[in-house]
There are 2 protein chains.
Amino acid sequence: MEETQTIQQMCTTFGVTPRTLRFYESKELLFPKREGTRRLFTRRDSARLKLILRGKRFGFSLEEIRQLLDMYNIGDGQATQFQETYRIACARLEDMERQRDELNEAIDELKAQLDWGRQLLHQETRTTD
Amino acid sequence: MEETQTIQQMCTTFGVTPRTLRFYESKELLFPKREGTRRLFTRRDSARLKLILRGKRFGFSLEEIRQLLDMYNIGDGQATQFQETYRIACARLEDMERQRDELNEAIDELKAQLDWGRQLLHQETRTTD
DNA sequence: ATGATGCCTTACGTTAACGTCAATCAAAAA
DNA sequence: TTTTTGATTGACGTTAACGTAAGGCATCAT
């Protein structure tokens, strides 16, 4: 019971295309095993894909995501080059916090703008009576 | 005193290239006047550019930004096709709020991850004593 | 007058993240 | 066994948002 998934199972559960999964493998974001020539995706791949898709929603590039995913693979001894990745993640975190703050401001402004729009829409042509 | 700015003044104050400003004009995001063949950017262009750059930081596409900017230009009578733009903005607002919430979660998780990384970095090789 | 600048237009080049199509190959169904 | 189905590997196409290079006016200093 290796609990592996075929490419189509992955596609339906995650809402992506086969092309996307092959592309991610070519970019070393996923590492499915092979049964002959076919790909078999492990739980590890599923976990990584979940993080990849979330990262994308935050505007991370695939390359940045790859760097961040590597943070999860330091359990095996050498923390080689980990410090650089660590710095990247810290900087990125500050970016995200700034972005969240700006986002909050923008949301408020947009809400106000929409209220104004609502008033325009609901004017019952009473001014030209 | 028209208070207009040349293309280079705009570039230095906003940190963009001339190409970018021309590109935005070609996409009908900016509408500089002309002195002969040269562009003269008005306060209105500056205000719009500020919004454009902020929109970009939120991951809006230029086309979406154009739609949103049009919301500011309904003062002149006909609310033609405004309802469509309005709907787009409402939907986008919900997107942004969802994104903000996810962003907050991700920030927390990333912080935890970084704490774990910090521990790795500061282990003083005491385990192999 | 003559370069040297600065801006203009036109147009092709670039990167990211896949889409799409063709040809192949293997397992499963008829 | 032949057909169908599904997966794989190239390899070229696509969109967004500019970059960059080429060639042409116009003005400003020398």
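Quick note on labels: first sequence line is chain A, next is B, and so on, each numbered from 1. On a predicted model such as this, the values are computed, not experimentally measured, just so you know.
B/Ile65 has its CD1 atom 11 Å from the C1' atom of D/dA17, to the nearest Å. Regarding B/Arg34, its CZ atom lies at a distance of 8 Å from the C1' atom of C/dC8, rounded to whole Å. The CD-C1' distance, from A/Glu63 to C/dT15, rounds to 13 Å in whole Å. Between B/Gln5 atom CD and C/dC7 atom P there is a gap of 13 Å when expressed in whole angstrom units. When the C1' atom of D/dC18 is taken as reference, atom CD1 of B/Ile52 falls 14 Å away, rounded to whole Å.
For A/Leu40 and B/Lys56, each mapped to the nucleotide of DNA chain D holding its nearest heavy atom, the one lying further toward the 5' end belongs to A/Leu40.
Checked against salt bridge (Lys or Arg N to Asp or Glu O under 4.0 Å), B/Glu63 has the following partners two or more places apart in sequence or in another chain: B/Arg66.
The phosphate of C/dG6 has neither OP1 nor OP2 within less than 4.0 Å of any side-chain N or O from B/Gln8.
For residues 21-29 of chain A, proximity to DNA chain C is found at A/Phe23, A/Tyr24, defined as any non-hydrogen atom under 4.0 angstrom from a strand atom.
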Between the protein and nucleotides 19-25 of chain D, list every N/O to N/O distance that falls short of 3.5 Å.
unit_1	atom_1	unit_2	atom_2	d
D/dG19	OP2	B/Thr17	OG1	2.8
D/dG19	N7	B/Arg19	NE	3.1
D/dG19	O6	B/Arg19	NH2	3.1

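Exactly one of B/Ile52, B/Thr42, B/Leu69 qualifies for a side chain to side chain contact (heavy atoms under 4.5 Å, CB included) with B/Leu30. That residue is B/Ile52.
Closest to the side chain of B/Ile7, from the set D/dC18, C/dA17, C/dC8, is C/dC8.
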